[in-house]
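Values reported hereafter were calculated over all heavy atoms of this structure, with side chains retained and with hydrogens, waters and symmetry mates removed. As the structure is a prediction and not an experimental result, all values here were calculated from the model.
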There are 2 protein chains.
Amino acid sequence: MSRKRVTIKEVAQTAGVSTQTVSRVVNGRPDVSPDTRQHVQEVIDQLGYQPSKIARSLIQGQSFSLGVVSSNISLYGPSHVLQGIQETAKEMGYSLMLHILPDPEVYEAKKLLREIMSYHVDGILWAMPEIGQNRDWIQQELSNLSVPIAFLNVQPRPNQATVIIDNRAGGRLATKHLLEQGRQNIGIITGPMSWWEARQRELGWREELVANGRSVDESYITHGDWTPSSGERGIRMLLDWHPEMDAVFACNDQMALGAMKIARQMGRRIPEDLAIVGFDNIPEAPYFDPALSTVYQDLTEMGREGVKQLLAMINNPDAYRPDPIRIQPELIVRDSS
Amino acid sequence: MSRKRVTIKEVAQTAGVSTQTVSRVVNGRPDVSPDTRQHVQEVIDQLGYQPSKIARSLIQGQSFSLGVVSSNISLYGPSHVLQGIQETAKEMGYSLMLHILPDPEVYEAKKLLREIMSYHVDGILWAMPEIGQNRDWIQQELSNLSVPIAFLNVQPRPNQATVIIDNRAGGRLATKHLLEQGRQNIGIITGPMSWWEARQRELGWREELVANGRSVDESYITHGDWTPSSGERGIRMLLDWHPEMDAVFACNDQMALGAMKIARQMGRRIPEDLAIVGFDNIPEAPYFDPALSTVYQDLTEMGREGVKQLLAMINNPDAYRPDPIRIQPELIVRDSS
DNA sequence: ATCACTAATGTTAACGATAACGGGATATGT
DNA sequence: ACATATCCCGTTATCGTTAACATTAGTGAT
């Protein structure tokens with residue numbers, strides 16, 4: 001039997017004071033006598049009064065909520081980022097308005113931002129992967145956006161708060177490790193090259209090879225789409241073209257999983273004949289057969305850091321914007337390399 | 001150079017009409033002449049005016065936002081449920097206020113609900129697993145909750161909107177399949193028994209055995225905690241105690257993964273010596289070695305259905321509450337059984 | 001006793017929007 | 001010609017809260 005919302009008026013009436021006095025008690029202002037304060041507080045507790053953040057945000061122009069734009073959160077990456085965002089937001093007293101785009105490559109930036117802003121959020125976290133031209137739409141709207149925005153895992157641009165995983169360094173880590181294992185012919189199964197992250201990982205692989213005096217053979221590259229089945233296709237192509245290949249950097253763990261399965265079917269022993277390194281460190285990776293070596297990226301930390309950056313901008317709009325924050329991935333060596 | 005928010009007043013002033021007229025245009029009300037309507041619409045487009053949902057919700061008592069209570073969304077289950085919730089909410093024109101509890105077994109229901117209600121949400125989706133006594137706290141607060149609430153994947157109770165996966169049927173599916181494969185000694189690695197879902201799966205296993213005239217040996221049961229490493233421990237105990245065991249129902253895919261790894265190390269061939277069936281159908285399952293047979297639960301659909309139920313209650317508060325909705329899981333047979 | 005000041009509380013307006021009502025102009029009916 | 005209905009638009013009150021200002025009573029100084 002749902003009771004209606006308890007308002008400040010009811011509290012004021014019950015306590016026999018003005019709403020302003022109740023407001024002062026709720027907000028811990030000094031101008032209230034101890035007696036009154038206690039009495040009002042008792043009434044508040046008794047009625048179970050909770051101030052409306054909606055009404056408060058109208059008058060104060062601050063809602064203590066953040067807009068989050070993300071893509072399909074049932075995937076490993078976005079869900080971990082969101083978890084981090086959530087943790088820090090909650091800690092700092094902010095709530096989240098969630099906006100998931102069904103297709104990261106197709107959206108109307110103007111409409112999206114208006115929708116988000118209609119909830120009077122204090123800031124926006126852009127947690128969408130940078131794919132194709134999808135950064136440009138939002139970029140054009142930035143000039144007349146009335147709240148700060150922080151970007152996660154996209155190419156840093158001047159004067160924009162950005163927090164990224166250093167995917168390029170991650171690619172180098174993986175490749176360096178394979179070289180140190182004495183591998184001679186190191187192929188790569190990339191992510192979709194329309195993704196900025198995927199290009200960065202490939203770049204890291206390329207740079208590390210060159211830095212070690214190896215030549216880069218373009219036919220050692222094959223492109224996947226992050227799915228295990230694309231890992232299967234990728235490894236099949238690589239091994240067909242280059243039977244001498246003795247190591248592969250799969251740009252995420254799921255593709256690595258598919259690749260290992262097919263490689264075994266094609267008669268390769270892992271890691272003896274073929275070493276594999278993945279990227280992500282999904283919880284299943286240590287239990288693959290063999291346990292997968294991989295590059296760990298702390299996506300949750302990235303989410304946390306993004307919120308911190310955003311709140312810094314909110315609380316000090318004229319703040320100096322620091323260089324983009326780069327979170328370093330870590331190599332985790334297991335049995336596949 | 002952030003412009004301030006465009007309000008209805010500015011639009012009215014620019015267009016030379018009253019705010020009420022602008023409001024009528026925005027809401028497509030009839031009492032506006034075609035000329036005026038067009039003129040106002042032009043001004044709206046030109047200024048980029050977007051009505052404030054905050055202000056609107058104050059006066060109308062409806063915010064078109066839903067509160068979602070969930071646990072760690074970086075996990076497989078919660079993230080998939082949330083994705084479904086999000087999809088349908090967006091489709092129906094609702095936004096989400098996200099509330100994640102750091103520990104599903106410890107929370108203050110009263111405080112939590114007040115916090116959520118302070119955003120004037122139109123309804124609440126309870127997407128927390130039922131663990132230990134954690135359902136009771138919220139249950140006590142229900143009587144003075146002023147908006148409808150729908151529960152996901154918890155034990156149905158009278159007069160409460162509930163959408164669940166039929167975990168018990170899932171447990172029976174898995175066990176039936178193993179029996180049909182001619183397996184004689186079927187063990188189980190359960191989830192944590194404080195979880196309702198885990199108990200239901202175990203119950204299904206138990207029931208199916210009994211229904212087929214088998215006796216249930218309690219030492220064929222071992223308890224895991226959903227993690228792959230607990231699957232490793234579980235299978236080790238089961239095979240130590242009962243070397244004759246020729247099938248195991250692991251109550252999620254991650255535990256199945258750990259179990260398969262250790263079973264192989266203990267010299268069992270899968271599926272020849274030991275059949276394994278998991279639960280969930282995580283994206284990696286088809287690529288395990290061997291490909292994992294499992295029980296697929298459509299968590300996203302459960303989220304979608306939950307929103308539909310909730311909106312039905314919101315739009316018709318006196319509605320007859322139907323029986324709890326039970327979503328049937330499906331058996332997916334691959335190579336591990 | 002008067003003034004100035006402080007402490008405690010109340011009053012009014014405002015945030016951005018819509019509901020409810022009112023009223024002028026035109027059209028319709030007799 | 002007059003009452004009545006219809007169309008179109010404006011005015012006022014309101015949602016729940018807080019900012020800004022106003023008021024009252026008491027305190028201390030002169």
Side-chain angles (χ1 to χ4, degrees), chain A residues 3-41 43-44 47-65 114-115 117-122 146-147, chain B residues 3-41 43-44 47-65 114-115 117-122 146-147:
Chain A
R3 283 195 335 223
K4 295 279 314 171
R5 153 175 290 283
V6 179
T7 71
I8 200 172
K9 275 186 200 159
E10 296 177 52
V11 175
Q13 205 157 19
T14 310
V17 297
S18 72
T19 60
Q20 186 58 226
T21 299
V22 178
S23 174
R24 281 192 266 252
V25 171
V26 169
N27 295 289
R29 298 287 163 73
D31 290 15
V32 184
S33 76
D35 285 357
T36 311
R37 186 183 300 275
Q38 193 193 337
H39 177 221
V40 170
Q41 189 59 56
V43 174
I44 288 174
L47 295 182
Y49 167 69
Q50 172 82 7
S52 158
K53 300 221 169 138
I54 292 281
R56 193 178 271 175
S57 76
L58 245 198
I59 190 113
Q60 292 188 325
Q62 235 199 326
S63 64
F64 293 95
S65 66
R114 286 215 196 128
E115 162 80 11
M117 289 313 298
S118 75
Y119 288 99
H120 295 219
V121 298
D122 297 335
S146 55
V147 298
Chain B
R3 282 195 337 221
K4 295 271 325 164
R5 150 174 293 283
V6 179
T7 72
I8 200 172
K9 274 186 203 162
E10 298 177 52
V11 176
Q13 205 158 19
T14 310
V17 297
S18 72
T19 60
Q20 185 59 225
T21 300
V22 177
S23 174
R24 280 192 267 253
V25 171
V26 169
N27 295 289
R29 298 289 162 72
D31 290 14
V32 184
S33 77
D35 285 359
T36 311
R37 184 182 300 275
Q38 192 192 338
H39 177 222
V40 170
Q41 188 60 55
V43 174
I44 288 174
L47 295 183
Y49 167 68
Q50 172 81 10
S52 158
K53 299 221 171 139
I54 292 282
R56 193 178 270 175
S57 76
L58 245 197
I59 189 108
Q60 291 189 326
Q62 236 200 325
S63 65
F64 292 95
S65 66
R114 287 214 196 130
E115 162 78 13
M117 289 314 297
S118 75
Y119 288 99
H120 295 218
V121 298
D122 297 335
S146 55
V147 298

Looking across every strand, which nucleic acid part, if any, lies under 4.0 Å from A:Ser18 by heavy atom: base, sugar-phosphate, or nothing? base
Which heavy-atom pair separates B:His39 from B:Ala15 by the least distance, and what is that distance? CE1-O, 3.1 Å
Counting only N and O atoms by type, is there a donor-acceptor contact under 3.5 Å from the side chain of A:Arg5 to the main-chain atoms of B:Gly61? no
Hey, could you give me each pair passing salt bridge (Lys or Arg N to Asp or Glu O under 4.0 Å) that has a residue in residues 7-20 of chain A? Not counting sequence neighbours. none
Any idea which heavy atoms bring B:Met117 and B:Ser146 closest together, and the distance? CE-OG, 3.6 Å
How far does OG1 of B:Thr14 sit from CD1 of B:Ile44, to the nearest 0.5 angstrom? 10.5 Å
Results of side chain to side chain contact (heavy atoms under 4.5 Å, CB included) for B:Glu115 - residues two or more places apart only: A:Lys53, A:Ser95, B:His99, B:Tyr119
Note: B:Ser23 and B:Asn27 closest approach over all heavy atoms is O-ND2, 2.8 Å
At what distance, to the nearest 0.5 angstrom, does CZ of A:Arg29 lie from CD of A:Gln20? 8.0 Å
On a heavy-atom basis, which atom in A:Val121 and which in A:Val147 lie closest, and how many Å separate them? O-CG1, 3.4 Å
Under a 4.0 Å heavy-atom cut-off, which of residues 21-34 of chain B touch DNA chain D? B:Thr21, B:Arg24, B:Asp31, B:Val32, B:Ser33
Please list residues of residues 8-16 of chain B whose heavy atoms come under 4.0 Å from any atom in DNA chain C, ordered by number; otherwise none. B:Ile8, B:Lys9
Residues at least two apart in sequence or cross-chain that pass side chain to side chain contact (heavy atoms under 4.5 Å, CB included) with A:Ala55, listed by chain then number, are A:Ser52, B:Leu58
Return the 5'-most residue of the pair B:His120, B:Thr19 with respect to DNA chain D, ranking by each residue's nearest nucleotide. B:Thr19
Bend of the helix from C:dA1-D:dT30 to C:dT30-D:dA1 from end-axis comparison, five pairs per end, nearest 10°, comes to 60°
Evaluate the criterion side-chain contact (heavy atoms from CB on, under 4.5 Å) for residue pair B:Val26 and B:Arg56; output intermediate values, then yes/no. CA-CA 12 Å; B:Val26 169; B:Arg56 193 178 270 175; 3.7 Å; yes
Along DNA chain C, first and last positions that approach a heavy atom of chain A under 4.0 Å: C:dA8 to C:dG16
Non-neighbouring partners of B:Gln38 that pass side chain to side chain donor-acceptor pair (under 3.5 Å), sequence neighbours left out: B:Glu42
Work out which heavy atom in B:Leu47 is nearest to a heavy atom in B:Val6; give both atom names and the distance. O-CG2, 3.5 Å
With sequence neighbours excluded, what pairs up with B:Phe64 under the ring-ring contact (aromatic ring centres under 6.0 Å, His included) test? B:Tyr94
Does A:Gln13 CD have over 12 foreign heavy atoms under 6.0 Å away? no
Once side chain to side chain donor-acceptor pair (under 3.5 Å) is applied, do any residues pair with B:Ser65, and if so which ones, sequence neighbours excluded? B:Ser63
Looking only at heavy atoms, what is the nearest atom pair of B:Val32 and B:Arg24, with distance? CG2-CB, 3.6 Å
Contacted region of DNA chain D by chain A, from 5' end to 3' end of the hits, cut-off under 4.0 Å to heavy atoms, spans D:dC15 to D:dA20
Going by number, which of residues 50-62 of chain B have a non-hydrogen atom under 4.0 Å from DNA chain C? B:Gln50, B:Pro51, B:Ser52, B:Ala55, B:Arg56, B:Leu58, B:Ile59, B:Gln60
